Amino acid sequence: MIAPGAGRRTKEFWIGIDVGGTFTDAVIIDAQGRCADAFKVLSTPDDPARAVLAALERIAQFVDLRRAAVCHGTTVGTNALIERKGRRTALVTTAGFADVIELRRQARSELYSFDQKISEPLVPSADRFEIAERLAFDGSVVTPIGDLRPLADRLAAEGFESVAICLFNAYASGAHEIAVETALRAALPGAFISTSSDVAPEIREYERSSTTVVNAYIGPTVGDYVKRLAQGAASMGIEALYVVKSSGGLTSPENAVKYPVHLVESGPAAGIIAAAQFGSALGRMEVLAFDMGGTTAKAGVILRGEPRIASEFSADALAEGRQVGGYPILSSVVDVLEIGAGGGSIAAIDEAGVLKVGPRSAGARPGPACYGLGGELPTVTDAHAVIGTLRADGLTASGIVLRCDLAERAIAKHIAAPKGWTLARSAHAIIDIAVANMAAMVRVATVRRGLDPRDFCLVPSGGAGPLHAVAIAREVGIPEIAIPAIPGMFSALGATLSRVRHDVSRSIMRLARELDADVLERAFIPLLQKIRQLFAMESVAPQEIRLARHADVRFRGQLFELKVPLGSIDEAVPDGAWIDQEFRRIYRAEYGFDLPDGEPEVVNLRVVGLGVPFVGRYSGRVKDHAQRSASPIRSHMPILNRDGSIRDVPALDLAQAGQALEIDGPGVLLSAGATIWLPEGARARIADDGSVLISVA
């Protein structure tokens, strides 16, 4: 592993790498904040580290990696969960609570469905073990813990690679869980062991159990990957390696290995961070980030320049396009919605003769038919290849030769022939359905949360995002689109724009009126100790760390809390009376009324720690800007209309644009790692840094 603190020296290059289902993206930012290079390589799903190391080897040809820091967004934990490729895990819990992870909550994802599907527990019944012990709600001992040797011997005999320990009321005291952990580490020296009092010391037995189980289930898989990647990076001379967390923050390999559950939404989070900074640079503080890659499409809302951060989310909640509950995780996460609609989403005719697009994906292998890698089923990318909105030269750098003939064959065989449609109608229908699916996701992220899409600027990214941006904006009523200079590698860029971040929490369950400043200050002490231990494993000097306190507060009897900021640790801790008043103010702002007779209750305390931003932030410019032409290379390319006719539209390579210019649709703009489709009626203004502002008509 790379030694903690090894990256504290100022670096000259910041490398962002994001692993997607089809491509692995890389971005290099120099000390002046300019993009020195950005490219894609094919992902290697069987071992994602191979693609990452291949990208680093390519970068090493012109960058001294000893002078670089690598920031990496990974989907290894997500894939292990979705594909059920975690290790066999045992759950140790209090007698009578073994079935908590299977009983779940009463609420169902689809209330009136007769065909309800629920995610299977990650730990089957036979691998759940109960022990005689009991803690009260305040952590006092009701039933002392007994002899643990029989349990330890049995787990060792069965060869479990991972163990999740979640005892009743352990959020109030971790003493019993620590005793179990100690006994099991002696019997299973190579096992990955997680305790709920360490991973998620919060109330709600099911959610705490689920979080601990997920951490244990994916722990060995993520650990093997991160260790292998760190060793490979160290062999290249890299001294500073960071991993992107679900919160959008960065962490060291050591912390990532211990808490893999915090990495489940690693990839999407980086893109939201980049969109927030890009929007702020343009003066757009209300942004809807939209990322469409090869496998999925994601949307996240940015309000007043800041991404929405949630304290809980459900991982793997979709299966074949249906809500199945997933696995609740108590962890700070950038609030992102995700559906199975990417460039590789497969189009098919269902049993009723209806055209469907997604959620199945062709992935990196075999990929879309037009990639010529063995794929035979039609995808969204194939539809664009047939229509002509996908440019071949945009894929050349990735080693892919665009085969439009294979795309035509796939759509003709699987869509046009069964439906009796023309090739043109079939290709456009695939795009229309994909756009409708993504527009529905955008409405969930905005309209269903009381937000008006017309108030937002759409920032599309990913290899396929800019292709569909105008169509989606028109569908939901968004008036303006802002596309960054390197949209195809935006999540990789976001990794370099992140800061080291850690979030810690604990439940206290006290009425606000019972808390004076001294009581609250003492309650925060364990959290401050833990977060400083986490930062001790980071390449951040103590004077560069900013710590802030928060409290989750609700009216007693309610089920959900609102977050109340309590200031930085350099400020005096407020008392319960102040928390009461501030909570009521936030409650009125959120819901429009107060409950005068309600008693505010402090449920959780939180501390958020941020490292200062790194030196050399992205300026929005590319390194070869001075060498660009004042007049971009123009050409024309044929586009297949819905009626089967062909029209020529202008095509511009934005890498050659050296001055601001405007263009009216229809037209195709080739940007770094992505193609922008500008339909008729839309107008694009291209800035001299390569970013594009589109007015949607």
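Hydrogens, waters and symmetry mates are skipped; everything else that's a heavy atom, side chains included, is used. Residue indices begin at 1 and follow the sequence shown. Source: prediction; values computed, not measured.
In terms of heavy-atom proximity, Pro368 sits nearest to Ala362 at N-CB, 3.9 Å. Residues Phe313 and Ser246 approach most closely at CZ-OG, 4.4 Å, considering heavy atoms. Residue Leu669 comes nearest to Ala684 through the heavy atom pair CD1-CB, 4.3 Å, listed as atom of the first residue, atom of the second, then distance. Here the closest heavy-atom approach between residue Trp677 and residue Val470 is recorded as O-CG2, 4.0 Å. Contact detail for Pro418 and Ile415: the closest heavy-atom pair is CD-O, 3.3 Å. Taking each heavy atom of Gly344 and Thr381 in turn, the nearest pair found is N-OG1, 4.2 Å.
In this pair, Phe490 and Phe278 present their aromatic rings perpendicular. The plane angle is above 60°, beyond the 30 to 60° band.
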Evaluation steps, side-chain contact (heavy atoms from CB on, under 4.5 Å), between Val380 and His384 = CA-CA 7 Å; Val380 174; His384 281 290; 4.0 Å; yes
Check your understanding: Does the pair Phe39 and Ile59 meet the rule for a side-chain contact (heavy atoms from CB on, under 4.5 Å), with working shown?
Key -> CA-CA 10 Å; Phe39 60 88; Ile59 294 169; 3.8 Å; yes
- [ ] Determine, stepwise, if the pair Lys413 / Glu376 fulfils salt bridge (charged side-chain N to carboxylate O under 4.0 Å, His left out).
- [x] CA-CA 10 Å; Lys413 177 181 179 180; Glu376 297 181 349; 5.5 Å; no
ask   = Passes side-chain contact (heavy atoms from CB on, under 4.5 Å), Arg443 versus Val476? Steps please.
value = CA-CA 7 Å; Arg443 290 191 183 96; Val476 301; 4.0 Å; yes
**OP:** Please assess Tyr225 against Asn79 for the test side-chain contact (heavy atoms from CB on, under 4.5 Å), listing each intermediate value before the final yes or no.
**Re:** CA-CA 12 Å; Tyr225 169 78; Asn79 293 341; over 6 Å; no
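Separation of atoms CG (Asp291) and OG (Ser491) is listed at 4.5 Å; rounding is to 0.5 Å. Within the model, atoms CG of Leu458 and CD of Glu480 stand 10.0 Å from one another, a figure rounded to the nearest 0.5 Å. Rounded to the nearest 0.5 angstrom, Glu83 CD and Thr221 OG1 are separated by 10.5 Å. How far SG of Cys71 is from CD1 of Ile17: 9.5 Å, rounded to the nearest 0.5 Å. Note: Arg50 CZ to Ser43 OG = 10.5 Å, rounded to the nearest 0.5 Å. From Ile273, atom CD1 reaches atom CG of Leu493 across 11.5 Å, with rounding to the nearest 0.5 Å.
Counting only heavy atoms from C-beta outward, the side chains of Thr446 and Ile478 never approach each other to under 4.5 Å. Counting heavy atoms from C-beta on, the side chains of Leu42 and Phe23 come closer than 4.5 Å. The closest side-chain heavy-atom distance from Val668 to Leu652 is not below 4.5 Å. Counting heavy atoms from C-beta on, the side chains of Leu451 and Phe456 come closer than 4.5 Å. No side-chain heavy atom of His414 sits under 4.5 Å from any side-chain heavy atom of Ile349. The closest side-chain heavy-atom distance from Arg308 to Ile272 is not below 4.5 Å. In this structure, Ile433 and Lys356 have side chains that are not in contact, with every pair of non-hydrogen atoms separated by 4.5 Å or more. A 4.5 Å side-chain heavy-atom check between Pro328 and Arg105 finds every atom pair outside the cut-off.
A donor-acceptor contact shorter than 3.5 Å links the side chain of Thr44 to the backbone of Asp47. Formation of a donor-acceptor pair under 3.5 Å by the Thr675 side chain with backbone atoms of Leu467 is not found in this model. Between the side chain of Ser119 and the main chain of Val324, a donor-acceptor pair closer than 3.5 Å is present. Side-chain atoms of Lys419 come within 3.5 Å of backbone atoms of Gly353 as a donor-acceptor pair (strictly under, hydrogens ignored). Remark: side-chain polar atoms of His428 are paired, donor with acceptor, to backbone N or O of Leu640 under 3.5 angstrom. One N or O on the side chain of Thr422 and one on the backbone of Arg425 form a donor-acceptor pair closer than 3.5 Å. The closest donor-acceptor contact from the side chain of Ser266 to the backbone of Gly73 lies at 3.5 Å or more, if one exists at all. Checked by atom type and distance alone, the side chain of Thr496 never pairs as donor or acceptor with a backbone atom of Ala492 at under 3.5 Å. A donor-acceptor contact shorter than 3.5 Å is absent between the side chain of Ser210 and the backbone of Ile329. When atom types are taken as modelled, the side chain of Ser691 and the backbone of Pro484 share no donor-acceptor pair closer than 3.5 angstrom.
Few gaps surround CZ on Arg647; more than 12 heavy atoms of other groups in view lie less than 6.0 Å from it. Heavy-atom neighbours of Arg448 CZ from other residues, nucleotides or ligands within 6.0 Å: at or below the threshold of 12.
For the side chain to side chain contact (heavy atoms under 4.5 Å, CB included) with Ile472, the lone residue among Asn437, Val696, Val442, Ile481 that qualifies is Val442.
Looking at Glu265 and Lys298, no side-chain N of the basic residue comes within less than 4.0 Å of a carboxylate O on the acidic one, giving no salt bridge. In this structure, Arg84 does not pair ionically with Glu120, as no charged nitrogen and carboxylate oxygen lie closer than 4.0 Å.
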